[in-house]
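Only a predicted model underlies this, so the values are computations on that prediction, with no experimental measurement involved. First the proteins, then the strands, lettered A, B, ... as listed; each starts at 1.
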There are 4 protein chains.
Amino acid sequence: MPTNNLFNDILRSQSGKRTVKQQRIVETAVQLFAEKGYSNTSTAEIAKAAEVSEASIFKQYGTKDNLLLNLIIPYIKDFFPLMANDLVLQATNNGDPTFEGFLRFLIRNRVQFITDNREIFQVLIKEIIYKEELKKELFPYFVEIVAPRVTKYLESFKERGELVDLPVDRILKMLFTFLGGFFASRFVLWNMESISDEEVEDAIRFIMNGLYQSTSDR
Amino acid sequence: MPTNNLFNDILRSQSGKRTVKQQRIVETAVQLFAEKGYSNTSTAEIAKAAEVSEASIFKQYGTKDNLLLNLIIPYIKDFFPLMANDLVLQATNNGDPTFEGFLRFLIRNRVQFITDNREIFQVLIKEIIYKEELKKELFPYFVEIVAPRVTKYLESFKERGELVDLPVDRILKMLFTFLGGFFASRFVLWNMESISDEEVEDAIRFIMNGLYQSTSDR
Amino acid sequence: MPTNNLFNDILRSQSGKRTVKQQRIVETAVQLFAEKGYSNTSTAEIAKAAEVSEASIFKQYGTKDNLLLNLIIPYIKDFFPLMANDLVLQATNNGDPTFEGFLRFLIRNRVQFITDNREIFQVLIKEIIYKEELKKELFPYFVEIVAPRVTKYLESFKERGELVDLPVDRILKMLFTFLGGFFASRFVLWNMESISDEEVEDAIRFIMNGLYQSTSDR
Amino acid sequence: MPTNNLFNDILRSQSGKRTVKQQRIVETAVQLFAEKGYSNTSTAEIAKAAEVSEASIFKQYGTKDNLLLNLIIPYIKDFFPLMANDLVLQATNNGDPTFEGFLRFLIRNRVQFITDNREIFQVLIKEIIYKEELKKELFPYFVEIVAPRVTKYLESFKERGELVDLPVDRILKMLFTFLGGFFASRFVLWNMESISDEEVEDAIRFIMNGLYQSTSDR
DNA sequence: GATGAATGAGTTTTCATTCAT
DNA sequence: CATGAATGAAAACTCATTCAT
């Protein structure tokens with residue numbers, strides 16, 4: 001029974017391998033990295049909070065850097081594929097095949113996902129800025145898995161005349177620029193627990209129609 | 001002859017006070033903080049790169065933290081007021097009093113400003129996530145100086161029926177969520193030197209009309 | 001087989017806990033603090049002399065200040081109780097129940113004790129002047145443990161008419177003022193290894209009869 | 001009109017040489033050294049509190065160590081000679097030529113002197129423990145100037161049968177051991193502003209008759 | 001698998017001191 | 001005479017990492 005929380009899933013899937021102590025290391029590290037940032041969290045702190053020895057951390061992960069990657073990469077590796085899968089799922093049995101329906105599903109789905117994995121999301125956003133390694137992990141996933149699938153969607157909407165007359169890659173850029181700002185500001189900068197339905201609707205409207213009210217609409 | 005580069009301006013305005021070495025400290029610190037982040041830059045590194053002694057840094061700034069704040073806070077203190085001033089300027093003698101004209105001016109103006117002060121902007125964005133102090137410095141400036149002025153604009157556009165029927169504060173939120181994502185992704189995440197006119201126009205169109213092509217428009 | 005040397009005793013009692021290196025840290029620190037004073041001894045010096053890394057010192061004690069307190073406080077915590085115990089011991093099975101006998105026992109007992117723990121005593125005296133913390137540790141021990149017991153003695157002597165007609169608390173003050181000066185000058189200021197029997201006898205005579213030879217005594 | 005406060009006297013006697021700023025340096029240094037100890041007071045602190053530049057301190061005194069010596073040595077150089085002079089003065093025109101009279105004069109005289117120069121006395125006591133230089137300055141003054149004069153007195157009292165039958169040097173030792181403890185504990189350890197008459201009388205009585213009440217006295 | 005002990009190489013910060021002006 | 005600017009050296013303290021048990 002997989003939940004939407006990767007963390008639990010990873011822990012469960014590896015429960016045969018990971019001991020209680022090892023689980024505590026991971027949980028604590030994510031929590032502290034999310035709260036104070038990777039650079040400002042010492043392995044000693046993690047060890048103390050997790051009630052394990054520092055040596056145990058290094059036995060498991062070798063280096064502190066590796067610990068970070070081991071927290072984030074599985075998250076990345078699931079964030080986008082899951083998203084892609086969910087999109088497919090939505091495509092096949094969604095009652096609302098419009099662009100708006102797509103947007104609503106996409107945003108709600110991701111809001112839920114990030115809400116369920118907020119701390120890791122915070123770590124990811126905070127560290128992606130600094131670590132080239134992370135960018136290099138993240139980028140291909142986006143380009144190869146997410147972009148094509150979303151592009152396919154966008155193209156289908158475009159064919160139906162539902163989208164503005166702009167190359168799809170530039171539409172995609174605008175869409176993800178906004179969504180990136182939307183999620184990062186709420187979940188990371190303002191440390192919100194989730195995003196209200198109202199704001200989701202505002203976002204959908206904004207993405208769809210922008211802020212301008214054309215004269216002909218009046 | 002004030003330029004758009006705060007950094008030079010600050011340096012010039014204080015040129016009677018700051019010595020060559022002190023200028024080198026500031027320049028170098030901004031550069032390194034922008035490149036590697038505050039936590040990952042040691043004062044020893046700064047001192048070496050600036051060709052001064054570490055003692056000189058601490059004599060001037062007391063603590064490393066204070067050095068950071070002394071770099072960023074003057075920037076914040078000018079970023080928003082200048083923006084506000086420029087907006088007023090635009091209001092008074094702009095040939096294009098439409099919402100689109102306003103947007104174009106706002107975005108181009110800020111793109112130019114950030115392009116001129118890119119490194120400090122990077123430091124600001126990277127550190128605002130971590131330092132409550134910075135949030136506390138930044139937030140009031142936004143709320144008291146920028147928000148009211150932009151709100152005034154938005155309201156005037158709204159009265160003229162140019163804006164969607166949504167409370168102005170929510171319009172403002174969407175607008176700045178997008179612009180935040182737009183600037184942060186380009187200038188910080190992707191470390192771009194500037195933003196092309198084409199993308200600025202895409203952004204304007206996106207903000208105005210969104211991505212959806214209503215059936216009646218076809 | 002407990003000796004009179006707290007140091008060895010502490011080390012022994014914790015020999016299950018302290019490693020050889022940790023013992024060397026304590027020994028070396030006491031020695032250097034006694035010789036040059038706390039402020040004039042760097043942790044680097046201690047580390048080098050003890051042939052351990054500075055990191056080991058800080059891992060154990062956290063701060064240099066804490067190291068000092070960890071050396072002295074156990075000493076204080078034993079200095080006075082032991083003294084009190086010895087006094088009781090003396091009371092129960094002493095062949096000389098006079099005031100002079102009491103004095104002789106008290107002084108000899110403390111001379112021996114300090115001789116056995118000279119360096120710590122030096123550290124204590126040198127630092128008590130500066131550290132309020134130490135005063136706050138030392139004072140209650142004196143007031144609660146030593147003073148009452150000595151007072152009890154003095155009162156019993158006074159009842160027997162052996163003491164001058166002065167409130168006991170003022171007698172106590174004079175007694176300890178002298179003893180303080182006696183021990184501090186010899187063991188700290190002049191850095192003597194011990195105090196000769198002759199001087200002990202001089203002190204006893206001084207405390208008992210002062211320097212004046214009343215006419216009636218001639 | 002010389003007062004009993006060396007400090008003022010030194011300042012006045014050198015007022016032709018010392019500027020206001022230089023006076024402030026000395027005053028401030030004494031005050032801070034007395035309060036926190038020489039090692040725990042930085043030249044920067046002194047400069048700031050005295051409202052002069054650090055450079056001025058070093059221009060005057062060369063080194064921090066030299067500053068200390070320049071504060072204390074004049075004090076030492078006056079403490080004992082003045083004491084000796086006052087003793088002679090007392091000898092020539094004192095209405096009370098007894099040992100007790102001598103003691104009362106000596107103690108009151110010194111209490112007054114130290115009260116008037118409390119901070120320097122604190123510095124002296126706190127630093128004499130650490131600095132061999134100071135011991136080497138202090139010791140000869142004591143041996144050559146004070147000891148002979150007091151010894152002379154003591155011998156005269158002894159000849160008159162007023163003192164215990166003990167070599168004068170050992171009497172001297174006991175006397176100064178007590179006085180050292182008396183002054184150091186009150187003025188330095190407990191940081192008292194002065195000593196009450198009552199305690200002075202207790203001290204006189206203690207020095208003269210000790211604490212014992214011989215049976216024959218009852 | 002887990003950890004207590006130990007550390008080399010830093011980190012931020014302090015400090016007494018110098019010197020040109 | 002006075003000081004602003006600058007610093008080499010060292011201070012206290014931190015940190016990721018290793019290793020024997």
Side-chain angles (χ1 to χ4, degrees), chain A residues 17-22 24-25 38-47 50-67, chain B residues 17-22 24-25 39-47 50-67, chain C residues 17-22 24-25 39-47 50-67, chain D residues 17-22 25 38-47 51-67:
Chain A
K17 302 169 204 164
R18 295 206 195 197
T19 65
V20 179
K21 301 214 169 194
Q22 285 165 358
R24 277 214 305 271
I25 293 172
Y38 172 78
S39 288
N40 307 312
T41 305
S42 71
T43 52
E45 244 174 313
I46 298 168
E51 292 176 300
V52 301
S53 69
E54 275 191 88
S56 292
I57 297 175
F58 285 94
K59 178 130 281 179
Q60 272 286 309
Y61 296 98
T63 66
K64 188 190 168 191
D65 229 79
N66 195 246
L67 168 60
Chain B
K17 300 169 202 166
R18 294 206 198 196
T19 66
V20 180
K21 297 211 173 192
Q22 284 165 358
R24 279 214 304 269
I25 292 171
S39 289
N40 307 314
T41 306
S42 73
T43 52
E45 246 175 310
I46 298 169
E51 290 177 299
V52 299
S53 67
E54 277 191 85
S56 292
I57 298 175
F58 283 95
K59 182 129 270 185
Q60 267 239 306
Y61 296 99
T63 64
K64 188 188 167 192
D65 226 78
N66 194 246
L67 168 61
Chain C
K17 299 167 203 166
R18 295 205 197 198
T19 66
V20 180
K21 298 211 172 191
Q22 285 166 356
R24 280 212 304 268
I25 292 172
S39 288
N40 307 312
T41 305
S42 73
T43 51
E45 245 176 310
I46 297 168
E51 290 176 302
V52 300
S53 68
E54 275 191 85
S56 292
I57 298 177
F58 284 96
K59 181 129 269 183
Q60 266 239 306
Y61 296 100
T63 64
K64 189 188 167 193
D65 227 79
N66 195 246
L67 168 61
Chain D
K17 300 169 205 165
R18 295 207 196 196
T19 66
V20 180
K21 300 214 169 191
Q22 285 165 0
I25 293 171
Y38 172 79
S39 289
N40 306 314
T41 306
S42 71
T43 52
E45 244 176 314
I46 297 168
E51 292 176 300
V52 300
S53 68
E54 277 191 84
S56 293
I57 297 176
F58 284 94
K59 178 129 278 174
Q60 272 286 310
Y61 297 100
T63 65
K64 188 191 169 191
D65 229 79
N66 194 246
L67 169 60

Inset, instruction - Write down the distance between CG (B:N66) and C1' (E:dT13), rounded to a whole number of angstrom. - result: 13 Å
Legend entry - Nucleotide of E:dT3, E:dT17, E:dT11 approaching A:K59 most closely (side-chain heavy atoms): E:dT3
Inset, instruction - Measure across A:A44 and A:E54 and return the closest heavy-atom pair with its distance rounded to 0.1 Å. - result: N-OE1, 3.4 Å
Inset, instruction - Classify the nucleic acid contact of B:S56 as base, sugar-phosphate or nothing, counting any heavy atom under 4.0 Å across all strands shown. - result: base
Legend entry - Distance below 4.0 Å between C:S53 side-chain N/O and E:dG8 OP1 or OP2: no
Legend entry - Contact nearer the 5' end of DNA chain F, comparing C:E54 with B:V52: B:V52
Inset, instruction - Kindly give the heavy-atom pair with the smallest separation between B:I25 and B:I46, and that separation in Å. - result: O-CG2, 4.2 Å
Legend entry - Pairwise 5' ranking along DNA chain F for A:Y38 and C:S42, keeping only the more 5' one: C:S42
Legend entry - Sugar-phosphate only, base, or nothing, as touched by D:T41 at under 4.0 Å among non-hydrogen atoms: sugar-phosphate
Inset, instruction - Indicate the atoms forming the closest heavy-atom contact of A:E51 with A:R24, along with that distance. - result: O-NH2, 3.3 Å
Inset, instruction - Indicate whether OP1 or OP2 belonging to E:dA16 is found under 4.0 Å from a side-chain N or O atom of D:T43. - result: yes
Legend entry - Euclidean distance, atom CD of residue B:E51 to atom C1' of F:dT7 [Å, nearest integer]: 15 Å
Legend entry - Any strand: nucleotide that pairs with E:dC15 via Watson-Crick or wobble, under 3.5 Å: F:dG8
Legend entry - Candidate nucleotides E:dA16, F:dA16, F:dA5, ranked by approach to the side chain of A:F58 - the nearest: F:dA16
Inset, instruction - Could you tell me whether the phosphate oxygens of E:dG4, OP1 or OP2, come under 4.0 Å of any side-chain nitrogen or oxygen in C:Q60? - result: no
Legend entry - Base paired to E:dA20 (Watson-Crick or G-U; both N/O distances under 3.5 angstrom): F:dT3
Legend entry - For the student: nearest non-hydrogen atoms of A:N40 and B:S39, plus distance: OD1-OG, 2.7 Å
Inset, instruction - Using whole Å, report how far CG of C:N40 lies from P of F:dA10. - result: 15 Å
Inset, instruction - Would you indicate what B:K21 reaches in the nucleic acid, counting non-hydrogen atoms under 4.0 angstrom: base, sugar-phosphate, or nothing? - result: sugar-phosphate
Legend entry - Whole-Å distance separating the OH atom of C:Y61 from the P atom of E:dA5: 12 Å
Inset, instruction - Write down the atom of C:T43, the atom of C:K64, and the distance for their closest heavy-atom approach. - result: CG2-CG, 3.8 Å
Inset, instruction - Look at the side-chain N and O atoms of B:K64 and state whether any lies under 4.0 Å from the OP1 or OP2 oxygen of E:dT12. - result: yes
Inset, instruction - Would you kindly give the CD1-to-C1' distance between C:I57 and F:dT14, to the nearest whole Å? - result: 14 Å
Inset, instruction - Round to a whole Å and report the spacing from CD1 of B:I46 to C1' of E:dG10. - result: 15 Å
Legend entry - Atom-to-atom span, CD of D:Q22 to C1' of F:dC1 - whole angstrom: 8 Å
